[in-house]
Amino acid sequence: MHLDSSSPRNGLMRRLGRALASPFDPEDYLALFDARYSSREILARVARVRRESDQAVTLELEPNRLWKPHRAGQHVLLGVDIDGARQQRCFSLSSAPGEWPVTVTVKANGGGGVSDHLVHRCRAGDLVSLSAPAGDFVIPEPAPERILLLSAGSGVTPVHSIVKSWLSSGQTGRLIWVHFERNYSSLLLGESLRELALDDRLDFRLVLSADTPRGGDFSGRLDEHWLTQQVQDAAALPLFVCGPQGFLDTVIDWHGRHGQGPLFHERFQQATSGGGEGGRVRFARSGGETEAAAGQSLLEAAEAAGLRPRHGCRMGICHTCKCRVARGRVRDLQSGEHRELNNQEIRICMHGADGDVELDL
């Protein structure tokens with residue numbers, strides 16, 4: 001069922017409904033029967049769970065009317081209820097803009113959190129929450145004539161969205177996409193990758209580090225010399241890269257020495273420059289305290305002490321974990337900056353203790 005709010009009749013009915021239902025919107029009552037009619041947050045019904053492997057799935061999602069189309073390469077904050085508590089994590093959208101249902105592709109990480117829940121427990125009909133799409137890992141306009149894209153592991157998902165969108169938009173240039181994977185069994189979106197590779201405008205190369213390549217695939221792993229040796233004119237091309245931290249650092253270092261074109265990148269882990277010297281962390285509301293180790297985030301310290309602070313991406317993107325520091329000295333995990341705080345809010349996933357800290361938890 002689709003409510004066309006643009007028609008005069010439906011607009012009148014909505015205004016009348018608001019008057020009769022005040023202070024609630026009609027959607028608030030419809031949400032009792034189907035939660036997707038919520039007027040307050042983006043909710044999506046899981047239409048289908050497609051298994052990529054025993055440790056990965058692609059979820060086909062049907063969001064409510066609050067959803068706005070994403071740009072290829074963007075991510076969302078996806079929330080699920082686990083043991084009665086809402087937990088959230090960032091996932092890149094693997095579908096192209098305009099595709100329906102929209103999709104996210106998720107690999108279990110063994111930590112028992114959102115990813116593991118989605119892979120092992122999510123079923124068709126389940127309800128999840130979504131943030132608005134966000135992120136700057138997108139093709140600029142106008143699109144370059146040639147682009148080099150590099151991905152590894154779960155970094156395949158936003159690049160898949162970018163390539164699928166680029167090919168379907170009628171672009172006449174050429175893409176080179178190199179994806180690095182450990183073995184075939186861990187490859188995500190394999191069927192779709194094979195279909196995309198049939199397009200003459202895409203030069204797709206799968207490079208395996210721990211499996212015997214077949215069907216024109218390659219063996220090897222990325223190092224500081226690989227791009228220069230294996231991709232013609234690599235230094236001159238606009239470069240998009242997404243993957244684990246070590247992989248991304250290698251590409252960024254190479255680009256710093258050789259790159260002539262622009263670099264666009266997306267991290268799946270927050271880059272860190274050390275987590276502070278550690279210190280005693282006191283939890284003002286719960287009354288407990290713990291000793292935070294050097295290199296440990298304040299979020300991890302709170303969890304180790306048995307607390308369950310709200311959090312989402314654990315990467316400093318979503319701001320869900322923002323918490324007030326009554327007093328104390330912290331270190332920013334990204335920049336390495338030391339800060340003395342007094343009644344200020346910070347993202348505890350990306351700050352470590354640099355002495356004694358008192359949190360409003």
Side-chain angles (χ1 to χ4, degrees), residues 52 56 58 70-75 92-97 99 103 105 107 135-140 143-184 186-209 211 213-223 226-244 247-248 250-252 254-255 258-268:
E52 300 283 337
T58 291
H70 66 288
R71 295 183 66 186
Q74 289 190 312
H75 57 261
S92 295
L93 292 152
S94 52
S95 53
E99 283 191 299
T103 64
T105 302
K107 181 181 289 187
D136 299 322
F137 188 63
V138 297
I139 297 288
E145 279 298 307
R146 296 179 65 210
I147 302 173
L148 173 60
L149 305 108
L150 304 175
S151 58
S154 297
V156 69
T157 55
V159 179
H160 176 268
S161 176
I162 289 172
V163 170
K164 198 170 188 182
S165 174
W166 195 92
L167 294 176
S168 65
S169 67
Q171 297 285 347
T172 57
R174 289 186 59 82
L175 302 178
I176 302 172
W177 179 10
V178 185
H179 179 66
F180 292 82
E181 193 62 75
R182 180 172 173 78
N183 48 48
Y184 286 109
S186 58
L187 178 64
L188 300 178
L189 299 164
E191 183 177 347
S192 181
L193 295 180
R194 287 188 289 272
E195 292 178 359
L196 293 175
L198 297 175
D199 195 304
D200 292 338
R201 294 169 294 168
L202 173 63
D203 176 2
F204 176 72
R205 310 177 194 180
L206 177 61
V207 183
L208 302 163
S209 63
D211 214 342
R214 54 180 184 261
D217 296 331
F218 301 87
S219 177
R221 62 177 68 245
L222 183 72
D223 60 26
W226 195 94
L227 283 171
T228 304
Q229 295 172 350
Q230 300 296 328
V231 180
Q232 186 178 6
D233 298 330
L237 298 176
L239 176 58
F240 283 73
V241 56
C242 185
F247 174 84
L248 189 54
T250 299
V251 177
I252 292 175
W254 174 87
H255 187 269
H258 305 287
Q260 302 166 23
L263 172 67
F264 304 84
H265 62 82
E266 181 93 312
R267 286 188 188 270
F268 280 151

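The structure displayed is predicted, hence computed values, not measured ones.
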Can you list the residues that meet the side chain to side chain contact (heavy atoms under 4.5 Å, CB included) rule with [X], with sequence neighbours excluded?
{"X": "D136", "answer": "none"}
{"X": "S219", "answer": "P213"}
{"X": "L237", "answer": "R146, L148, I176"}
{"X": "P262", "answer": "P238, F264"}

Salt bridge (charged side-chain N to carboxylate O under 4.0 Å, His left out) pairs touching residues 186-198, sequence neighbours excluded, are none

Closest approach of [X] and [Y], non-hydrogen atoms and distance?
{"X": "V138", "Y": "A72", "answer": "CG1-O, 3.2 Å"}
{"X": "G220", "Y": "V207", "answer": "O-CG1, 3.5 Å"}
{"X": "S209", "Y": "R221", "answer": "CB-NH2, 3.7 Å"}
{"X": "G155", "Y": "P158", "answer": "O-CD, 3.4 Å"}

Applied to residues 163-176, the side chain to side chain donor-acceptor pair (under 3.5 Å) test, sequence neighbours excluded, yields E99-K164

Please enumerate all residues that pass side chain to side chain donor-acceptor pair (under 3.5 Å) together with [X], with sequence neighbours excluded.
{"X": "D217", "value": "Y184"}
{"X": "K107", "value": "none"}
{"X": "S192", "value": "H160"}
{"X": "R201", "value": "D199"}

Under 3.5 Å, is there a donor-acceptor pair between the side chain of [X] and the main chain of [Y]?
{"X": "E181", "Y": "L208", "result": "no"}
{"X": "S161", "Y": "S95", "result": "yes"}
{"X": "H179", "Y": "L187", "result": "no"}

Is any side-chain heavy atom of [X] closer than 4.5 Å to a side-chain heavy atom of [Y]?
{"X": "L222", "Y": "F247", "result": "yes"}
{"X": "H75", "Y": "E266", "result": "yes"}
{"X": "W254", "Y": "L239", "result": "yes"}

query: Taking the six-membered ring for Trp, are the ring centroids of F218 and W226 within less than 6.0 Å of each other?
result: no

With T105 as partner, the option from S94, S154, S92 fulfilling side-chain hydrogen bond (donor to acceptor under 3.5 Å, both in side chains) is S94

Here the ring-ring contact (aromatic ring centres under 6.0 Å, His included) pairs for residues 188-208, sequence neighbours left out, are W177-F204

Sorted by chain and number, sequence neighbours left out, salt bridge (Lys or Arg N to Asp or Glu O under 4.0 Å) with D203 holds for R205

### Message
Run I147 and F240 through side-chain contact (heavy atoms from CB on, under 4.5 Å) and show every step you take.
### Response
CA-CA 8 Å; I147 302 173; F240 283 73; 3.6 Å; yes

CG (L189) and OG1 (T103) are apart, to the nearest 0.5 Å, by 7.5 Å

